[in-house]
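This report refers to the structure that appears directly beneath it.
So that the names make sense, note that chain A is the first sequence line, chain B the second, and so on, each numbered from 1.
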Amino acid sequence: MDTLMLLGGGFASALTPENLLWAFVGVVLGTAVGVLPGLGSAMAVALLLPVTFKLDPTGAFIMFTAVYYGGLFGDSTTSILMNTPGNSSAIATAIEGHKMARRGKASQALATSAIGAFIGAVVSTAVVAFFSGVIIDIALRFGPAEYFALAVFAFVATSAVVAQSMVRGLIALTLGLGIAMVGIDAQSGAARFTLGVPSLFEGIGIVTVTVGLLALGEVLHVASRIHRQGPDARPVKTGGTLWLGRGDLRRAIPAWLRGLGFGLPFGTIPAGGSEIPTFLAYGTERKLSQLRARRGKRPDEFGKGAIEGVAAPEAAASATAGTAMGALLGLGLPTSATAAIMLAAFQQYGMQPGPLLFERNADLVWALLASLFIGSVMLLILNLPFAPLWAKLLLIPKRYLYAGITGFAALGVYASSYAITDLWLLILLGLLGFMMRRYAIPVAPVLIAVILGPLAESELRRGLAIGQGDVGVMFTGPITLGIYAVILSAVGIVVVARVRSSRSPAETEEPKTPSTV
Amino acid sequence: MNPLRESAPPVSSGDATGHTPDSWWRGRSELFVGVLVIGIGAFLASQTLTMHVPDTSTGPGPRLFPGLVSGLMVVLGALLVLQVVRRPTTAPQEEGSESADVVDGSVEGSEDTSATAPAEVRGGSEHTGSHSDWRTVGMVLAAVVAFTLLLQPLGWLLSGALLFFGVSWAFGGKRPLFEAAVALVYSAVVQLAFVAGLGLNLPSGILGGLL
């Protein structure tokens, strides 16, 4: 009952014209960056961060989360119509979705994906709203050892477990930790890695890091191959009504629900986004379909455009967004690149996500959660009938798109500090981002490390100071030990799987992931 | 660009082995990354050792974490070098699709096609074995550097337009006047939206008196 009251209050403040406008701007922007391959919600939020300084924080966060959700709605459109996933979260959708489109069922595929994304978003947001009390209860028991373990978990999960190459993932992690340490150490006052440059005393701004790695790095990466590409794919024509018949619905509904089952838990795990659950959901549907075919119920349609192959991954992808917001708000734990940037945004407004956020900034939190429901409805309306229109965004000449992004990146970095030094840093970080994309070093671990690095360090030092140098204090308590057990078993599974797949490389072909974050 | 392309075994660049004197570097340009990581790690380690630590600090000081991270960096860089030496072109999905695109032969001609012709690039003019189009990357970088140098003297309106123009030109613009007009419209719209609308403080530079 309490939750409903709070949520009601949230709706009251989210339904003001101003906040509705920010939600609308967010969902439009989010869908647009979702549709455009190579651009993602992480980059969009990073570019928005500096120019929204002067906004009221509630409006700004409503916009940021709307961008996040919008990205997960928009990314499937080009997957289905052109076999070009707008984001890594829509690769699984493309496999069956594009085949559906080629069979003349493009409208059904688009509807399945939009409704699936809507179900995922709404259910996961509801789960967060109604279980926020439980999350807070757990979070309040956290001390230095627990927080350090959680940060280590995030580091290991994003860099070693999720990344395709453990060495490359860990290199990304250490680069991020290195960047995070530049500046004056808050606890001792020692200047670290500043080379005596005064403008580095305050550290390297999070805006500079994210914009450099995500925006400028991507522009340079595209520049390095723009003149080498074949002609762009053309979208498949859509026709007929964007609605599902009874037969389609009967197949899609269970798949949506199964997709939810994969997406909801994965949102809370720092696994770098929604890619893994989408592939798990896709794989499960394919196996189920084979099983049904063997029992003679229905021929296996996978490979020819099975509706389940679109429904489950889409619901899984957007279900991660809601629970990722829950982990971010309740625990202060960013589980995707976009959530990491939002954590930086909270810090910029002087707020620390975590259990106390629900007390100190309850108005903002509940308005945000309420606006996520509103945003999901907006996204359904924007994506269901208009999906083919969104695909027309690809007609924007690439040179203007990337010139605009470069201009915006430079503007944002300058506006966040009014220092020319930051523009030089932007160029350096852009080159780093370009190098990382070229050599398949993941970018997400850098962002997670830059944002959680200071927390990990201060909790480690605080814990060690309490224990007076005894390292054992970092490994006490059931929660801490539980987290380390999960880390060890996850790494163990990955190592075993890698060793096996290197022995028989043909058997476990990992699907490819674009460098988008 | 198409990430769904099946990951072809890294035949493309490995095939050339033994044909050119520098062919050992084919598919091993990533060595540079490993060495760079080792270098950064070593640099951070030396900075950590020579760090001035105020006496007031108690408990584990500001050098513990940097020490751990820089040590880890050196180890990881060395591991990467080892991996690349043993198995070149360990980024098959990138290299695979990239070389396939090159083979497809559709080099969209900018004003100078020969500079980007696949044959020349693959012939090993760059000994790091790179397939990247350094010319376009260089032009984009030059535009950003020019913007950084000119922002304060010229102001956003002109330097922003120059940046937009530089990037769109590098990406294959062909009509200088038209592109310049688009660039000016862009910087003007940004100026209006963010300076007038959101209250950002952008330098006005030499046009300061006029605006």
Side-chain angles (χ1 to χ4, degrees), chain A residues 37 51 54 83-85 91 94-95 165 167-168 170-171 174 177-178 181 185 187-193 216 219-220 223-231 398-400 402-404 406-407 410-411 414-415 418 420 423-424 427 430 434-435 438-440 457 460-461 464-465 509 512-514, chain B residues 1-4 7 30 33 37 40 44 47 51-54 57-62 65-66 69 72-73 76 79-80 83 91 93-94 98 101-102 104 106-108 110 116 132-133 136-137 140 144-145 147-148 151-152 160 163-164 167-168 170-173 182 186 190 194 198-201:
Chain A
V51 296
K54 307 234 163 153
N83 204 19
T84 311
I91 300 172
I95 303 173
S165 148
V167 173
R168 289 182 183 77
L170 287 170
I171 283 177
T174 52
L177 290 173
M181 286 185 298
D185 171 43
Q187 285 182 33
S188 67
R192 299 196 291 191
F193 313 134
L216 191 56
V219 171
L220 291 173
S224 77
R225 48 182 63 205
I226 183 97
H227 296 306
R228 305 270 167 82
Q229 277 167 12
K398 280 209 176 119
R399 57 178 187 279
Y400 297 144
Y402 286 99
T406 316
L411 168 84
Y414 180 77
Y418 298 112
I420 293 291
L423 286 174
W424 292 115
I427 295 172
F434 172 46
M435 184 188 86
R438 195 174 180 297
Y439 293 106
E457 183 183 6
L460 174 67
R461 281 160 70 180
L464 288 179
E509 186 91 348
K512 247 73 103 334
T513 54
Chain B
M1 268 317 254
N2 182 356
L4 282 174
S7 71
E30 199 176 3
V33 180
V37 171
I40 297 175
L44 293 187
Q47 289 277 306
M51 188 186 294
H52 171 75
V53 181
S57 67
T58 53
F65 217 60
V69 171
L72 199 59
M73 249 182 183
L76 289 168
L79 280 176
L80 185 66
Q83 264 189 12
Q93 76 274 35
E94 290 286 316
E98 189 171 322
D101 285 342
V102 173
D104 287 345
S106 50
V107 179
E108 289 271 78
S110 60
T116 52
S132 296
D133 178 357
T136 314
V137 174
V140 172
V144 185
V145 169
F147 172 82
T148 306
L151 177 62
Q152 278 179 341
L163 175 63
F164 188 97
V167 177
S168 68
F171 272 66
V182 174
Y186 169 80
V190 168
F194 293 102
L198 286 173
L200 289 194
N201 191 10

**OP:** Tell me, out of A:L411, A:L216, A:L460, who's got the most heavy-atom pairs with chain B below 4.5 Å.
**Re:**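 Option with the top pair count is A:L411.
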Original post:
Between A:L177, A:V219, A:T406, which residue shows the highest count of heavy-atom pairs closer than 4.5 Å to chain B?
Top reply: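 Ranked by contacts with chain B, first place is A:T406.
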Residue [X] versus chain A: region with a heavy atom under 4.5 Å:
X      : answer
B:V144 : both
B:V37  : side chain
B:L163 : side chain

Original post:
How about B:Q47 and A:R192: do any of their side-chain heavy atoms sit closer than 4.5 Å?
Top reply: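 In short, these two side chains do not touch, never coming nearer than 4.5 Å.
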Subject >> Residues forming a ring pair (Phe, Tyr, Trp, His ring centres under 6.0 Å) with B:F171, sequence neighbours excluded >> reply: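 Ring pair (Phe, Tyr, Trp, His ring centres under 6.0 Å) list for B:F171, sorted by chain: A:Y402.
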Original post:
Who pairs with B:Y186 by ring pair (Phe, Tyr, Trp, His ring centres under 6.0 Å), at least two apart in sequence or on another chain?
Top reply: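 Ring pair (Phe, Tyr, Trp, His ring centres under 6.0 Å) list for B:Y186, sorted by chain: B:F164.
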When rounded to the nearest 0.5 angstrom, what is the spacing between [atom1] in [X] and [atom2] in [Y]?
X      : Y      : atom1 : atom2 : answer
B:T148 : A:W424 : OG1   : CH2   : 5.0 Å
B:L72  : A:I171 : CG    : CD1   : 9.5 Å
B:L80  : A:L170 : CG    : CG    : 11.5 Å

Subject >> Contacting region of A:Y414 [heavy-atom separation from chain B under 4.5 Å] >> reply: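 Looking at A:Y414, just its side chain touches chain B.
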Subject >> Best-contacting candidate, B:V190, B:V145, B:I40, against chain A by heavy atom pairs under 4.5 angstrom >> reply: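 Among B:V190, B:V145, B:I40, the one with the most close pairs to chain A is B:V145.
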Return the minimal non-hydrogen interatomic distance between [X] and [Y], and the atom names on each side.
X      : Y      : answer
B:P62  : A:E457 : O-OE2, 4.5 Å
A:A190 : B:M51  : CB-SD, 4.3 Å
B:L76  : A:T174 : CD1-CG2, 3.9 Å
B:V140 : A:A223 : CG2-CB, 3.9 Å

